[in-house]
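Any value given below was found using the heavy atoms of this structure, including those in side chains, with hydrogens, waters and symmetry copies removed.
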Amino acid sequence: FRVRVRVRVGVGVAHPRLSAMAARGAAALDEKAQAYISEAQLAPTKRKLYLLEQLKEILVFRAPQLAPQLAPYVAQFQADPAAPVRRRVLVFLGEVSSRQPALATLLLDAVRYLRQDSEVSVQRRAMSAFATFLPNWLRAGGGGGAGAARQRDWQGIVDILRLAKAGAADPSQR
């Protein structure tokens, strides 16, 4: 005695239990990311670097849909007194921007700010992040933003190129 059961699953229709689990998972990652940001604000440098790496894992690989809301909070660490933290922020913003060109403004602002950093290693990392980001951004259609956002991104690129040119002409910047 056999019973044949035919299950028909519609295209693009998720099982209610699976979509609820995914929502709980995203909410848990959101809470975890927010906790990491809060903890990193008061943590010593070594712990802060670890937390920023964990944030990169969540916002770049595990839950990229959270990046637009939480990446600006990570970008605030560009003003941290420790140079390794500022470098890590540039790496993070470079990864996020290369995967989500709409967040390019965060990286461009950080590069513009950190290109004039007191630490040469941070200046180099800023220009390296910019050099890696620019071709990907152009390939993606220049961020695809509309109007003012796109104009601001282009203006940021022009400003960075001017800074780079001025830095190459000024030996004290090396």
Derivation and outcome, side chain to side chain contact (heavy atoms under 4.5 Å, CB included), residues K48 and F77
CA-CA 10 Å; K48 197 175 291 186; F77 288 103; 4.2 Å; yes
Quick one, R125 with V91, criterion side chain to side chain contact (heavy atoms under 4.5 Å, CB included). Give me CA distance, side-chain angles, the key distance, then yes/no.
CA-CA 8 Å; R125 173 56 75 185; V91 169; 3.8 Å; yes
Between F92 and L59, is a side chain to side chain contact (heavy atoms under 4.5 Å, CB included) present by the stated rule, with each step listed?
CA-CA 9 Å; F92 169 82; L59 299 179; 3.7 Å; yes
Could you go through V89 and D80, starting from their C-alpha distance and side-chain angles, then the distance that decides it, and tell me whether this counts as side chain to side chain contact (heavy atoms under 4.5 Å, CB included)?
CA-CA 10 Å; V89 168; D80 195 84; over 6 Å; no
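The pair E39-R47 meets the salt-bridge criterion, with a side-chain N (NZ, NE, NH1 or NH2) lying under 4.0 Å from an Asp/Glu carboxylate O. Taking 4.0 Å as the cut-off between side-chain N and carboxylate O, E53 and R88 count as a salt-bridged pair.
L107 has its side chain within reach of V111: a pair of non-hydrogen atoms, C-beta onward, lies under 4.5 Å apart. F130 is not listed as a side-chain neighbour of L90, based on a closest heavy-atom distance of 4.5 Å or more. In this structure the side chain of L114 never reaches within 4.5 angstrom of the side chain of Q123, judged on heavy atoms. With contacts defined as side-chain heavy-atom distances shorter than 4.5 Å, the pair Y50/K46 does not qualify.
The backbone N or O of P81 lies less than 3.5 Å from a partner atom in the side chain of R86, making a donor-acceptor pair. A distance-only check finds no donor-acceptor pair linking the side chain of S128 to the backbone of R124 [under 3.5 Å]. Distance alone, capped at 3.5 Å, places no donor-acceptor pair between the S97 side chain and the G94 backbone. Checked by atom type and distance alone, the side chain of E119 never pairs as donor or acceptor with a backbone atom of A83 at under 3.5 Å.
We find the CD-NZ distance between E95 and K56 to be 4.5 Å, quoted to the nearest 0.5 Å. Put simply, CZ on R112 and CG on D159 are 5.0 Å apart, with the number rounded to the nearest 0.5 Å. Y113 contributes atom OH, which lies 14.5 Å from atom CD1 of I160 (distance to the nearest 0.5 angstrom). Atom OH of Y36 and atom CG of L52 lie 12.0 Å apart (nearest 0.5 Å). To the nearest 0.5 Å, atom CD1 of residue I58 and atom CG of residue L70 are 9.0 Å apart. Rounded to the nearest 0.5 angstrom, I157 CD1 and L108 CG are separated by 5.5 Å.
For the pair Q65 and Q69, the tightest heavy-atom approach, listed with the atom from each and the gap, is O-OE1, 3.5 Å. The two residues A110 and L93 come nearest to each other via the heavy atoms CB-CD1, 3.6 Å. Scanning both residues, L55 and A33, for their nearest heavy atoms gives CD2-O, 3.4 Å. Taking each heavy atom of V96 and A67 in turn, the nearest pair found is CG1-CB, 4.3 Å. Residues T45 and A82 approach most closely at OG1-CB, 3.6 Å, considering heavy atoms. Between P64 and Q100 the shortest heavy-atom distance is O-NE2, 2.8 Å.
There is no path of hydrophobic side-chain contacts, each under 4.5 Å, that joins V158 to L106. Tracing side-chain contacts under 4.5 Å through hydrophobic residues (I, L, V, M, F, W, Y), one never reaches L49 starting from L42; they form parts of separate clusters.
For R87, there are no salt bridge (charged side-chain N to carboxylate O under 4.0 Å, His left out) partners, not counting sequence neighbours.
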